[in-house]
Amino acid sequence: MADYVKWLGHAAFEINLDNKVILIDPWLSTNPKAAVSPSEIKAVDIILVTHDHGDHLGDAVELAKRLNATLVSVYEIASKTANMGVKNTVGMNVGGDVVVKGLKIFMTPALHSSDTGTPCGFIVVGSKNTVYHAGDTGFFSDIKYYSKAYPIDVALIPIGSVFTMNPFMAALFVSLFKPKIAIPMHYGTFDVLTGKPEEFSKHVSELSPEVKVVTLSPGDKIFL
Ligand code: NI
Ligand code: MN
C-alpha cells in the first residue's frame, strides 16, 4: 500500500509508512471531532504518544492492548502504560532514536507540559517518506537542527493557540525546516482553540511559499 496520512481529528493521526500502520495520539472515544471510534480501528503496528494529557493519551492504552501494538513514548509514560497492562512498550527520550518494526522513530522536543515525564514530538522515517508530528508545542527554533537528521516531507503542526503555537508562530516554525507538506492540527476541537487553518496557510505562503499547506477535515486521507 502507498504511504498515507489520515487525520482522525484533533492531534490524532493514522499514518502508513512502509506498510506499517502508526497511530499518533489516538484520542477518539471522547473527541468531539473524531473521524472514527476506537472499535473501528482493526490493525495497528505502532502507537506513538506525545504526552499524557487526556486529548493525546486518549484511547492509546486500550488500543495497544486490544491490537497488540507497540506503544512508544517518553520513558515515564512507557512505564506507566506498561503498568496499565500494555504488553509491548518502548521508552525513550528527547533527542534519541529507536527502530521499531523496521521504522526509525526520532523523538523531538516539545515546549509544553505533561502529567508524566516530558512532552515530545516524533519524526517517523520510512524508506520513501518522513513524517513529523510536532505534539503540543510552543515555538522553538531547534527544530531547524533536529530536521537535519531526517529531512521532513510531511509535518503535522498544532495551530490552535492557547495551549500550542498560534497560526503565525506555527508558520514561522515551519519556515525553519520547510517540509514539502504542512498539515495544521489541534484547532477548532473546542471553541477555545481559535487558530484558523486559513491564517496558517496565509502566513506559510508569505514566509515559505515552497511549502504546501494541506488542510484536512477529520477522516481525510492523503497519499504520499
Ligand atoms: Ni497537551
Ligand atoms: Mn493537547
Side-chain angles (χ1 to χ4, degrees), residues 5-15 22-38 41 47-64 71-81 84 91-94 105 107-124 131-140 142-143 146 154-174 182-197 199-200 215-220:
V5 171
K6 179 179 181 183
W7 194 28
L8 303 181
H10 198 59
F13 284 84
E14 176 182 303
I15 67 179
I22 303 125
L23 288 183
I24 309 175
D25 288 355
W27 175 49
L28 302 172
S29 55
T30 60
N31 174 353
K33 304 278 177 172
V36 295
S37 67
I41 299 202
I47 299 178
L48 306 179
V49 178
T50 64
H51 62 299
D52 67 347
H53 286 157
D55 58 323
H56 298 262
L57 182 61
D59 302 286
V61 168
E62 292 73 17
L63 286 164
L71 190 153
V72 181
S73 194
V74 73
Y75 178 81
E76 290 79 5
I77 293 176
S79 301
K80 173 173 150 175
T81 54
M84 293 164 85
M92 58 188 302
N93 221 315
V94 171
I105 297 170
M107 187 175 271
T108 57
L111 274 186
H112 194 64
S113 64
S114 169
D115 292 335
T116 307
T118 282
C120 71
F122 292 101
I123 297 177
V124 187
V131 177
Y132 168 47
H133 187 295
D136 277 1
T137 188
F139 179 88
F140 66 98
D142 281 359
I143 194 59
Y146 283 95
V154 180
L156 315 173
I157 305 292
I159 66 154
S161 195
V162 186
F163 304 109
T164 69
M165 296 182 282
N166 64 29
F168 174 75
M169 295 309 289
L172 191 61
F173 183 71
V174 159
I183 298 175
M185 64 165 175
H186 209 279
Y187 65 89
T189 318
F190 309 109
D191 290 347
V192 70
L193 302 179
T194 53
K196 296 274 183 298
E199 296 168 57
F200 174 64
T215 299
L216 301 176
S217 298
D220 285 353

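We count ligands from 1, going down the list as the structure has it; atoms in each ligand are counted the same way. Because the structure is predicted, anything quoted here is derived from the model rather than measured.
To the nearest 10 degrees, the angle centred on the Mn ion (ligand 2) between NE2 in H56 and NE2 in H186 reads 100°.
Using a 4.5 Å cut-off on side-chain heavy atoms (C-beta onward), H10 and H186 make contact.
When you scan the N, O or S atoms of D55 for the one nearest the Mn ion (ligand 2), you land on OD2. Of all the N, O or S atoms in D136, the one closest to the Mn ion (ligand 2) is OD2.
Taking backbone and side chain together, H51 holds no N, O or S atom under 2.8 Å from the Mn ion (ligand 2). Residue contact annotation: H53 places no N/O/S atom under 2.8 Å from the Mn ion (ligand 2).
Around OH of Y75, the count of heavy atoms belonging to other residues, nucleotides or ligands within 6.0 Å does not exceed 12.
For the Ni ion (ligand 1), the nearby protein N/O/S atoms, meaning those under 2.8 Å, are H51 NE2, H53 ND1, H112 NE2, D136 OD2.
Remark: side-chain polar atoms of T50 are not paired, donor with acceptor, to backbone N or O of G121 under 3.5 angstrom. Formation of a donor-acceptor pair under 3.5 Å by the S161 side chain with backbone atoms of T194 is not found in this model.
Taking S29 as the reference, P38, D59 meet the side chain to side chain contact (heavy atoms under 4.5 Å, CB included) condition, with sequence neighbours excluded.
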Query raised in the report: Given D136 and H56, is the side chain to side chain donor-acceptor pair (under 3.5 Å) satisfied, shown in steps?
Result: CA-CA 9 Å; D136 277 1; H56 298 262; 2.9 Å; yes
